[in-house]
Every structure is written in C-alpha cells, then in structure tokens.
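First the structure, in the form of structure tokens, and then the observations on it.
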Amino acid sequence: QVQLVESGGGLVQAGGSLRLSCAASGRTFNSYTIGWFRQSPGKERAFVAAFSWNGRSTDYADSVKGRFTISRDNAKNTVYLQMNSLKPEDTAIYYCAADQWGSGASMADRYEYWGQGTQVTVSS
C-alpha cells in the first residue's frame, strides 16, 4: 500500500510557473507508475502526465505538452510536475495517483491509490 501527499499548489498569474510535488510512503515506490490528473468544477477528472514505474517513459496530455514536465526521484519517493506558461484553463485541483507495475498511464481507473489533491489557480 502507498499513501500520496500532494503539495505546491497555489495562485499564480497567467504565464507563471508552479512545481507540484507528490510524496509517497512505502518502500516499493519504484514499482509504481505515478500519474497526475486534474479536475475543475463541472468537469470530469482529466489526465495530465505520467511517469512509468520502470523510468522508461513519460506521457502527457496534448493540452500540456511543451509546458509541463514530469520527473521522479525514487530516492526521495517523490514525483514532481513542473508547470510553466500556465493558463487560466489550467485552473483545477491536481491529484497524483499510483498504479503498481502500471502501463495504462492515462486511464484513471487503472490507478489504485490517490492523494487528496492540491489546488492550482491561474489568474488572467
């Protein structure tokens, strides 16, 4: 079992940057694919980015490609989401999720564990 805690959200102006962190408990962190998802009011939870458990691949939603970068530090049991050139439409609650040995990066129902979320608000 793994517990996830997100941090780093906040209020930023359009064009600004934020770095989100997802800290995980447990000694088997490197067996988990970690994904970031976001949800804004009235919308379904949407895939943002993922980093595979074996470190071989990353995936991004088209809407964030070229602006967001996902990285992981297995020694710190932490995954980061660097968000640059933020837009008002990026405003949402951002969640990280873990899928052991996962290969379904963008599919929310594949992820077994979820954090509580962190709010990101981008003002225009």
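FYI, the numbering just counts along the sequence from 1.
Closest heavy-atom contact between Asn77 and Gly26: ND2-O, 2.8 Å. Residues Thr118 and Gly9 come closest through the heavy atom pair OG1-N, 3.2 Å. In this structure, Tyr111 and Ala50 approach most closely via the heavy-atom pair OH-CB, 3.7 Å. When every heavy atom of Val2 is checked against every heavy atom of Ala24, the shortest pair comes out as CG2-CB, 3.7 Å. A pairwise comparison of heavy atoms in Leu81 and Ala49 identifies CD1-CB, 4.1 Å as the closest pair. Between Ala14 and Ser124, the closest heavy-atom pair is CB-CA, 4.4 Å.
If you run side chain to side chain contact (heavy atoms under 4.5 Å, CB included) between Phe51 and each of Asp59, Thr33, Thr58, only Thr58 comes through.
Residues Val64 and Val12 are members of one and the same hydrophobic cluster, defined by side-chain heavy-atom contacts under 4.5 angstrom among Ile, Leu, Val, Met, Phe, Trp and Tyr. In the hydrophobic cluster analysis, where Ile, Leu, Val, Met, Phe, Trp and Tyr join through side-chain heavy atoms closer than 4.5 angstrom, Ile70 is grouped together with Leu4.
No donor-acceptor distance shorter than 3.5 angstrom exists from the side chain of Tyr94 to the backbone of Val48, with no hydrogens or angles considered. Put simply, the side chain of Arg67 gets close to the backbone of Ser63: a donor and an acceptor are under 3.5 Å apart. In this structure, Gln82 contributes its side chain and Arg19 its backbone to no donor-acceptor pair below 3.5 Å. Remark: side-chain polar atoms of Thr91 are paired, donor with acceptor, to backbone N or O of Val122 under 3.5 angstrom. Between the Thr78 side chain and the Lys76 main chain, a donor and an acceptor come within less than 3.5 Å of each other.
With a 6.0 Å cutoff to the six-membered ring centre and a 45° limit on the axis angle, Arg72 counts as a cation-pi contact of Phe29. Stacking of Arg45 on the aromatic ring of Tyr95 is recorded, both the 6.0 Å distance cut-off and the 45° axial limit being met.
Contact check for Thr69 versus Tyr60: side-chain heavy atoms found under the 4.5 Å cut-off. With a 4.5 Å cut-off on side-chain heavy atoms, Val120 and Met83 count as touching. Side-chain contact between Leu86 and Leu18 is present, with heavy atoms from C-beta onward closer than 4.5 Å. Side-chain atoms of Leu20 and Tyr80, non-hydrogen and from C-beta on, never get closer than 4.5 Å to each other. Counting only heavy atoms from C-beta outward, the side chains of Trp36 and Glu6 approach each other to under 4.5 Å. Residues Trp101 and Tyr32 fail the side-chain proximity criterion, which asks for heavy atoms closer than 4.5 Å.
Residues Lys87 and Asp90 are not paired through a salt bridge, judged by the lack of any N-O separation under 4.0 Å between the basic side chain and the carboxylate.
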Criterion side-chain hydrogen bond (donor to acceptor under 3.5 Å, both in side chains) on Ser31 and Gln100, from CA distance to verdict: CA-CA 6 Å; Ser31 69; Gln100 193 169 32; 3.0 Å; yes
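Aromatic pair Phe37/Trp114: centroids less than 6.0 angstrom apart.
Crowding of Gln3 atom CD: a count of heavy atoms from other residues, nucleotides or ligands under 6.0 Å not exceeding 12.
To the nearest 0.5 Å, atoms CD (Glu89) and CZ (Arg38) are separated by 8.0 Å. Atoms OH and SG, on Tyr113 and Cys96 in that order, are 13.5 Å from each other to the nearest 0.5 Å.
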